[in-house]
2 protein chains.
Amino acid sequence: MLIFIEPESEKPIYQQIRDQIVEGIARGELPPGTGLPSIRQLAADFGINLHTVNKAYELLEREGFLQVRRKTGAVVQPRGRLAEDWEARLRTLLAEALAQGLPAEEILVRCQRVLATLTDHEQPDR
Amino acid sequence: MLIFIEPESEKPIYQQIRDQIVEGIARGELPPGTGLPSIRQLAADFGINLHTVNKAYELLEREGFLQVRRKTGAVVQPRGRLAEDWEARLRTLLAEALAQGLPAEEILVRCQRVLATLTDHEQPDR
DNA sequence: CTATTTGTTATATAATAGATATAACAAAAA
DNA sequence: TTTTTGTTATATCTATTATATAACAAATAG
């Protein structure tokens, strides 16, 4: 699984790493039990600081996606709980599309399309 | 239409204002042509600084939701273009739910539910 | 057991973002 | 003409983001 970093993006680097790992888990490319590179390894690969990667891993651990251990490295966790504010964030995002005039049906189709591309090449669930 | 500010939220105040106005437009509570309070008025109402409200209005104007005029105040615009990165943001959000184990069908139902609450009390389009 | 890798913690620094506080200017409406 | 309003300009403060080192302690590999 490849991760791309855009240093000039307005989105923080640690957030870019977090988002792409979450998407990797969603796509099934990183099933539970998968080991991730050490923070020093990732930092060296990207040419960024160790603490930036650490921040991404910490966030992923707080969200329940990862468990970070001493020498084994980070391991993808089986299942977590959806963040409490997830639906509020969904609401804000969908409202933006509605406010720009997209019909609800069109928005739903886009959600379906995005979900399809995410679940495309993988077994959906256990 | 009421706006609530949480000063202690991790979400920036100007973003809170922006999000709630966008939701107001989506719900049809702020149809095109609606005038919004002046930035000084809003700032006074919330007990916050003028520039914080100004930042929210500037953002809404860049996004095509508002047109800010000299003395008339801000006016809700008819229709804009959906932000280019909207679908990428949707993708990130849906991936998070998938990665936490929510089945795609369940996610779609939630999207439908949220859209329903947003289009509930209003005429959908035009 | 020993050496080494790793996550963790601790400082320090710099740049940017978020928010506030004033002040002044110019346009536009009353 | 007066007043309100958006705009612009500084200045200050805090928090966030990112980097740079350094050191420590746990855990694995040899």
Side-chain angles (χ1 to χ4, degrees), chain A residues 3-22 30 33-77 83 85 89 92, chain B residues 3-22 30 33-77 83 85 89 92:
Chain A
I3 295 182
F4 293 96
I5 300 298
E6 297 182 54
E8 301 304 314
S9 169
E10 63 181 38
K11 182 192 286 189
I13 297 177
Y14 80 93
Q15 190 77 43
Q16 296 181 39
I17 298 174
R18 178 269 181 196
D19 288 349
Q20 294 184 49
I21 289 181
V22 168
L30 301 174
T34 305
L36 296 186
S38 72
I39 62 177
R40 282 180 174 86
Q41 185 63 54
L42 261 196
D45 291 350
F46 296 149
I48 62 178
N49 192 272
L50 161 162
H51 293 103
T52 307
V53 180
N54 190 46
K55 196 168 181 178
Y57 275 24
E58 269 183 344
L59 177 54
L60 286 164
E61 193 171 28
R62 273 201 308 272
E63 293 182 301
F65 291 114
L66 250 54
Q67 184 177 350
V68 183
R69 270 197 293 264
R70 195 49 80 157
K71 185 92 176 217
T72 323
V75 179
V76 176
Q77 290 301 105
D85 64 337
R89 282 182 279 139
T92 298
Chain B
I3 294 183
F4 294 96
I5 299 298
E6 298 182 54
E8 301 305 314
S9 169
E10 62 181 38
K11 183 191 285 190
I13 298 177
Y14 79 93
Q15 190 77 46
Q16 296 182 39
I17 298 174
R18 178 269 183 196
D19 288 350
Q20 293 184 50
I21 290 181
V22 168
L30 301 174
T34 306
L36 295 187
S38 73
I39 61 176
R40 282 180 174 85
Q41 186 62 53
L42 262 195
D45 291 349
F46 297 148
I48 62 179
N49 193 272
L50 160 161
H51 293 103
T52 305
V53 180
N54 190 45
K55 195 167 183 179
Y57 275 24
E58 269 183 344
L59 177 55
L60 287 163
E61 193 171 30
R62 273 201 309 272
E63 294 182 302
F65 292 113
L66 249 56
Q67 184 175 349
V68 183
R69 270 197 295 262
R70 194 51 80 155
K71 185 93 175 212
T72 324
V75 180
V76 177
Q77 290 301 105
D85 65 336
R89 281 181 278 138
T92 298

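A quick note: this is a predicted structure, and the numbers were derived from the prediction, not measured. Values below: every heavy atom of this structure, side chains too, minus hydrogens, waters and symmetry copies. Just so we're on the same page: letters track the sequence lines, and every chain starts at 1.
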Worksheet item: Residues two or more places apart in sequence or in another chain: which of them pass side-chain contact (heavy atoms from CB on, under 4.5 Å) with Glu8(A)?
Response: none
Fill in: side chain to side chain donor-acceptor pair (under 3.5 Å) pairs, two or more places apart, involving residues 34-44 of chain B
Gln41(B)-Asp45(B)
Item to complete: Would you list the pairs meeting salt bridge (Lys or Arg N to Asp or Glu O under 4.0 Å) in which at least one residue belongs to residues 67-77 of chain A, sequence neighbours left out?
Response: none
Worksheet item: Which residues within residues 63-72 of chain A lie with some heavy atom under 4.0 Å of an atom in DNA chain D?
Response: Arg70(A), Lys71(A)
Side-chain donor-acceptor pairs of residues 49-56 of chain B under 3.5 Å, sequence neighbours excluded:
| unit_1 | atom_1 | unit_2 | atom_2 | d |
| --- | --- | --- | --- | --- |
| Asn49(B) | OD1 | His51(B) | N | 2.8 |
| Asn49(B) | OD1 | His51(B) | ND1 | 3.0 |

Hey, what are the protein-to-nucleotides 8-11 of chain D N/O distances that come in under 3.5 Å?
| unit_1 | atom_1 | unit_2 | atom_2 | d |
| --- | --- | --- | --- | --- |
| dT8(D) | O4 | His51(B) | NE2 | 3.2 |
| dA9(D) | N6 | His51(B) | NE2 | 2.7 |

Fill in: Strand-adjacent residues in residues 11-19 of chain B, judged by heavy atoms under 4.0 Å from DNA chain D
none
Item to complete: Please identify each residue that fulfils side-chain hydrogen bond (donor to acceptor under 3.5 Å, both in side chains) with Glu63(B), with sequence neighbours left out.
Response: Arg18(B)
Discussion item. Five pairs per end, C1' atoms only: what is the angle between the end axes of the helix from dC1(C)-dG30(D) to dA30(C)-dT1(D), to 10 degrees?
Written reply: 30°
Worksheet item: Can you find a side chain N or O atom of Lys55(A) that sits less than 4.0 Å from OP1 or OP2 on dT17(D)?
Response: yes
Worksheet item: Would you say Thr52(B) reaches dT20(C)'s phosphate, i.e. side-chain N/O to OP1/OP2 under 4.0 Å?
Response: yes
Item to complete: Kindly write out the residues that satisfy side-chain hydrogen bond (donor to acceptor under 3.5 Å, both in side chains) with Gln15(B), not counting sequence neighbours, or none if the list is empty.
Response: Asp19(B)
Worksheet item: Partners of Glu10(B) by side-chain contact (heavy atoms from CB on, under 4.5 Å), sequence neighbours excluded?
Response: none
